[in-house]
Student: 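Quick one: structure below, then a few questions.
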Amino acid sequence: GQQLNQSPQSMFIQEGEDVSMNCTSSSIFNTWLWYKQDPGEGPVLLIALYKAGELTSNGRLTAQFGITRKDSFLNISASIPSDVGIYFCAGRRGSQGNLIFGKGTKLSVKP
Amino acid sequence: GAGVSQSPRYKVAKRGQDVALRCDPISGHVSLFWYQQALGQGPEFLTYFQNEAQLDKSGLPSDRFFAERPEGSVSTLKIQRTQQEDSAVYLCASSLRREGIYEQYFGPGTRLTVT
């Protein structure tokens with residue numbers, strides 16, 4: 001099935017660093033969402049974006065809905081150890097209906 | 001309040017067996033979705049219900065997969081004659097319209113292993 005292009009695939013973080021990841025699509029979406037998934041759990045919604053150009057924050061997380069409606073990015077500022085996990089972008093074409101997910105960005109702590 | 005719950009959390013099936021996976025959505029949530037997540041991948045859509053009506057089943061990979069939600073609440077995903085490629089985590093999500101927006105809240109998933 002279709003999946004969005006998400007990058008990077010994985011990254012290592014040191015506590016206090018800022019983190020960026022992005023997601024692109026060949027087609028337009030009307031909603032972009034960012035989820036975090038911990039091992040053995042389902043995805044948890046972090047940020048939802050509904051308008052092209054929209055910039056939304058949730059604590060240390062900031063996400064933007066690209067003006068072409070074909071991309072989105074997520075920034076995490078001043079990372080902390082509990083930020084580790086897998087982050088997924090997801091797009092939706094209408095106001096409801098199924099989501100199309102990226103393959104995920106795995107955040108790990110630098111050894 | 002209680003979130004989406006799924007049972008069993010883990011299921012091991014021998015190739016050829018039938019399995020049934022249950023989803024209890026958040027109370028009052030009208031829409032319910034099933035997704036399949038293979039190892040190292042993002043979730044992929046299987047099917048979608050609004051109340052008891054199955055509005056979209058375009059993601060079901062074969063006719064061995066069947067989902068129902070007879071009373072518009074609990075849903076069951078059934079897989080007949082399981083194959084090894086069915087091994088995955090099956091996620092259920094429910095959503096409620098709020099100010100015209102529907103956002104999906106996921107359960108913990110059922111990890112199915114077919115041996």
Side-chain angles (χ1 to χ4, degrees), chain A residues 1-10 21-25 27 29-51 54 56 58 63 65 72 74 85-108, chain B residues 3-6 8-10 21 23-26 29-51 53-62 67 88-111:
Chain A
Q2 180 188 1
Q3 291 205 317
L4 303 176
N5 300 311
Q6 190 172 345
S7 66
Q9 195 172 4
S10 64
M21 60 192 77
N22 66 72
C23 201
T24 61
S25 169
S27 55
F29 289 100
N30 290 324
T31 303
W32 281 93
L33 303 152
W34 287 90
Y35 285 86
K36 180 174 184 256
Q37 187 174 31
D38 291 325
E41 300 297 327
V44 173
L45 181 64
L46 299 174
I47 291 182
L49 302 154
Y50 304 107
K51 293 181 184 176
E54 180 181 357
T56 296
N58 178 8
F65 190 143
S72 178
L74 175 71
I86 302 178
Y87 292 78
F88 290 99
C89 62
R92 184 174 60 215
R93 295 201 169 88
S95 62
Q96 53 182 310
N98 64 287
L99 301 176
I100 296 172
F101 282 83
K103 290 190 175 182
T105 295
K106 184 176 181 180
L107 243 58
S108 305
Chain B
V4 177
S5 61
Q6 292 186 245
R9 290 294 311 275
Y10 303 91
L21 312 180
C23 173
D24 282 84
I26 296 171
H29 279 201
V30 167
S31 300
L32 185 146
F33 300 80
W34 284 98
Y35 292 83
Q36 181 189 59
Q37 186 175 22
L39 190 64
Q41 302 293 316
E44 291 198 13
F45 170 73
L46 294 176
T47 187
Y48 158 48
F49 290 85
Q50 192 165 89
N51 295 305
Q54 189 173 19
L55 298 187
D56 187 350
K57 54 181 180 179
S58 62
L60 295 176
S62 77
V89 174
Y90 291 86
L91 294 164
C92 175
S94 68
S95 71
L96 175 70
R97 179 178 179 168
R98 183 174 296 149
E99 298 176 345
I101 291 169
Y102 298 78
E103 290 319 338
Q104 296 178 28
Y105 296 87
F106 284 81
T110 294
R111 180 177 295 279

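Proteins come first, then strands; the chains are lettered A, B, ... in the order of their sequence lines, and each starts at number 1. All heavy atoms count here, side chains included; hydrogens, waters and symmetry mates do not.
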Student: Is A:Met21 close to A:Leu107 at the side-chain level, that is, under 4.5 Å between some pair of heavy atoms?
Tutor: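 In contact.
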Student: Can you tell me which of A:Gly97, A:Gly102, A:Ala90 forms the most heavy-atom pairs within a distance under 4.5 Å of chain B?
Tutor: A:Gly97
Student: Less than 4.5 Å to any heavy atom of chain A: does that hold for the side chain of B:Tyr35, its backbone, both, or neither?
Tutor: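 Contact with chain A: side chain only.
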Student: Does any heavy atom of chain B fall under 4.5 Å from the side chain of A:Gln37, the backbone, both, or neither of them?
Tutor: side chain
Student: Do you know which of B:Arg9, B:Gln41, B:Gln6 has the most heavy-atom pairs under 4.5 Å to chain A?
Tutor: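 Among the listed options, the one with the most contacts to chain A is B:Gln41.
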Student: Residues two or more places apart in sequence or in another chain: which of them pass side-chain contact (heavy atoms from CB on, under 4.5 Å) with A:Ile100?
Tutor: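 A:Ile100 satisfies side-chain contact (heavy atoms from CB on, under 4.5 Å) with A:Gln2, A:Leu4, A:Phe29, A:Arg93, A:Asn98 once adjacent residues are dropped.
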Student: Any luck finding a side-chain donor-acceptor pair between B:Gln50 and B:Tyr48 under 3.5 Å?
Tutor: yes
Student: What's the spacing between A:Trp34 CH2 and A:Thr105 OG1 if we round to 0.5 Å?
Tutor: 6.0 Å
Student: Taking only residues two or more places apart in sequence or in another chain, which ones pass side-chain contact (heavy atoms from CB on, under 4.5 Å) with A:Lys51?
Tutor: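 With sequence neighbours excluded, A:Lys51 shows a side-chain contact (heavy atoms from CB on, under 4.5 Å) to A:Glu54, given in chain and number order.
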Student: With chain A, which of B:Gly42, B:Cys92, B:Gly59 has the greatest number of heavy-atom pairs at distances under 4.5 Å?
Tutor: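 Heavy-atom pair counts peak at B:Gly42.
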